[in-house]
Structure formats: C-alpha cells, structure tokens
Amino acid sequence: DHFGNLITSLPPERLAPTGRGIEIDVVVRGGTGRYRAHAALTYADVHPGQLLAYVGRGGHVELAVRDGSAA
C-alpha cells in the first residue's frame, strides 16, 4: 500500500498467536530473503524497526515495519 505495508492474500488463521514469530520467504529484486515477522495486534507490540504481521482492515495478513516501510 502507499504506507509501505505488504498486503497478502493469507487468511488470519495462518497467523501465529500474538507474540510468536512467523517466517516469511520474500523475493526482493530478483533475490530471496528470509524474514521473521512477529505476530502482533498493534504496531506498539513490537520495537521500532521490527517487522510485524497483523490482520489488516481487509481481513488478510499484512506485513509492516514499525516506524518504517516494508516496501
């Protein structure tokens, strides 16, 4: 989205319970990376700069970086 969050098509039940991490493989500019996103209810649940996974307004899992961009 225009905030730099990644909106997935994953349903909320694919998200681990709050506080647990999930591993996500992402293809970035031709390469792949492995990232650990912490399942959270709000941005305040993680430290600044940390990747989080949460259920967005559209009902799907979204990835974001607190005080940053996941783009």
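Bear in mind that the values here come from a model prediction, so they are computed numbers and not experimental data. Hydrogens, waters and symmetry mates play no part in the numbers below; they use all other heavy atoms, side chains included.
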For Ser9, give me all partners under side-chain contact (heavy atoms from CB on, under 4.5 Å), at least two apart in sequence or on another chain.
none
Provide the closest heavy-atom pair for Leu52 versus Thr42 in the form atom of the first, atom of the second, distance.
CD1-O, 4.2 Å
Which side-chain N or O atoms in residues 64-71 pair as donor and acceptor under 3.5 Å with protein atoms at least two apart or in another chain?
| from | atom 1 | to | atom 2 | distance (Å) |
| --- | --- | --- | --- | --- |
| Arg66 | NH1 | Val46 | O | 2.6 |
| Ser69 | OG | Ala71 | N | 3.1 |

Here the gap from Leu63 atom CG to Thr8 atom OG1, rounded to the nearest 0.5 Å, amounts to 6.5 Å
Looking at Pro12 and Gly59, what are the two nearest heavy atoms and their distance?
CD-O, 3.1 Å
Sorted by first residue and then second, give each ring-ring contact (aromatic ring centres under 6.0 Å, His included) pair with at least one member in residues 41-71; sequence neighbours left out.
Tyr43-Tyr54
Euclidean distance, Leu6 CG relative to Glu62 CD, rounded to 0.5 Å
8.5 Å
Could you pull out the closest heavy-atom pair between Val61 and Ala53, with the gap in Å?
CG1-CB, 4.3 Å
